Amino acid sequence: MNQYLLKIKKDFAVIYWARNGIITFIVTLLTFGIDISDYYDISFLGSIRRIFLNSIYTSMYFFLVWILNYLLFEIYKIVTDWYDETHHTTIRFMFKEHDYSIHWLVFVITILLPVIVMYLPLPRLFQYDIAMMSVFMILRSVKQIYKNRL
């Protein structure tokens, strides 16, 4: 019985990692598609074709940014989960007769990071990417708040 439960737990871990990989792939695809369609003045679907079929360098760059996004998201999850377990300084608010809480540090990081990055002299691709990843991270935080509601 223990072996069966261990196998199920491993299967769920693989599904969880795959789900995060797929979502970060979609975020990376959207940011690359938007940036390339702006640069070449082509449609979004044409930009996706250009990402994968134009040159190996564009494809490798895409996959490197995807890996970076995946690693950043995993680090974000580790930090926020650790912070949830160890710190109790929260901002509490009521919504439809439910009491929710969010940690102020997580809130500040996910809101201020894209604002700071927008003013740095980075390529437009990274500005789009950090904005989209921040939205994704905020949605993950909202899901965690809802999941851990009191």
Side-chain angles (χ1 to χ4, degrees), residues 11-150:
D11 290 343
F12 279 126
V14 169
I15 290 170
Y16 184 71
W17 290 330
R19 182 190 68 182
N20 293 338
I22 290 169
I23 295 298
T24 54
F25 181 84
I26 291 170
V27 168
T28 308
L29 190 65
L30 287 174
T31 57
F32 261 79
I34 291 169
D35 188 48
I36 288 176
S37 65
D38 285 347
Y39 185 77
Y40 289 108
D41 196 26
I42 57 176
S43 69
F44 182 76
L45 294 175
S47 67
I48 291 174
R49 190 183 83 238
R50 190 176 274 274
I51 291 169
F52 297 111
L53 301 176
N54 188 32
S55 72
I56 189 71
Y57 300 112
T58 307
S59 300
M60 287 188 334
Y61 190 44
F62 171 82
F63 286 116
L64 286 174
V65 172
W66 177 34
I67 291 169
L68 174 70
N69 283 345
Y70 185 78
L71 291 175
L72 287 175
F73 181 67
E74 290 295 328
I75 290 169
Y76 171 78
K77 284 188 340 184
I78 290 168
V79 168
T80 56
D81 291 344
W82 168 80
Y83 198 80
D84 282 344
E85 293 173 1
T86 59
H87 292 79
H88 301 290
T89 308
T90 60
I91 300 171
R92 302 181 84 72
F93 58 94
M94 294 290 292
F95 181 72
K96 291 188 179 179
E97 300 176 1
H98 294 288
D99 189 21
Y100 297 96
S101 64
I102 185 169
H103 296 284
W104 65 271
L105 181 64
V106 174
F107 183 72
V108 168
I109 288 172
T110 54
I111 298 298
L112 286 182
L113 186 63
V115 173
I116 292 170
V117 168
M118 292 300 166
Y119 290 106
L120 293 176
L122 291 173
R124 191 175 43 188
L125 171 71
F126 290 110
Q127 292 177 346
Y128 291 157
D129 191 52
I130 195 66
M132 298 279 279
M133 282 300 293
S134 295
V135 167
F136 177 52
M137 290 175 188
I138 289 169
L139 289 175
R140 194 256 181 195
S141 294
V142 168
K143 181 198 81 151
Q144 285 299 109
I145 290 170
Y146 182 74
K147 183 178 168 184
N148 299 329
R149 70 182 177 158
L150 300 174

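The residues of the chain are indexed from 1 along the displayed sequence. Every value quoted in this text rests on a predicted model; they were computed, and no experiment measured them.
Checked by atom type and distance alone, the side chain of Ser47 never pairs as donor or acceptor with a backbone atom of Ile34 at under 3.5 Å. Side chain of Ser134 to main chain of Ile130: a donor-acceptor pair is present (N/O by atom type, distance under 3.5 Å, no hydrogens or angles).
The side chain to side chain contact (heavy atoms under 4.5 Å, CB included) check on Ile23 picks up Phe136, with sequence neighbours excluded. Looking at residues two or more places apart in sequence or on another chain, you find a side chain to side chain contact (heavy atoms under 4.5 Å, CB included) between Leu30 and Ile26, Phe44, Met132.
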How far apart are the C-alpha atoms of Val27 and Val135, what are their side-chain angles, what is the distance that settles it, and do they pass the side-chain contact (heavy atoms from CB on, under 4.5 Å) test?
-> CA-CA 10 Å; Val27 168; Val135 167; over 6 Å; no

Can Leu71 and Ile67 be said to form a side-chain contact (heavy atoms from CB on, under 4.5 Å), step by step?
-> CA-CA 6 Å; Leu71 291 175; Ile67 291 169; 4.0 Å; yes

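No side-chain donor-acceptor contact under 3.5 Å links Tyr40 and Asp35. Between the side chains of Thr28 and Thr31, no donor-acceptor pair of N or O atoms lies under 3.5 Å.
Contact between Ser43 and Ser37 at its shortest, heavy atoms only, is O-CB, 3.9 Å. When every heavy atom of Ile36 is checked against every heavy atom of Arg50, the shortest pair comes out as CG2-CD, 3.8 Å. Taking all atoms of both residues into account, the shortest heavy-atom contact from Met133 to Thr24 is CE-CG2, 4.3 Å.
Atom CD1 in Ile75 sits 11.5 Å away from atom NZ in Lys77 (nearest 0.5 Å).
Between Arg49 and Asn54, every side-chain heavy-atom pair lies at or beyond the 4.5 Å cut-off. Within the 4.5 Å cutoff, the side chain of Tyr61 has heavy atoms near those of the Leu125 side chain.
Here the two rings, on Phe62 and Phe52, have centers that are under 6.0 Å apart. Between Phe32 and Tyr39, the distance separating the two ring centers is not shorter than 6.0 angstrom.
Within 6.0 Å of CZ on Arg124 lie more than 12 heavy atoms contributed by other residues, nucleotides or ligands.
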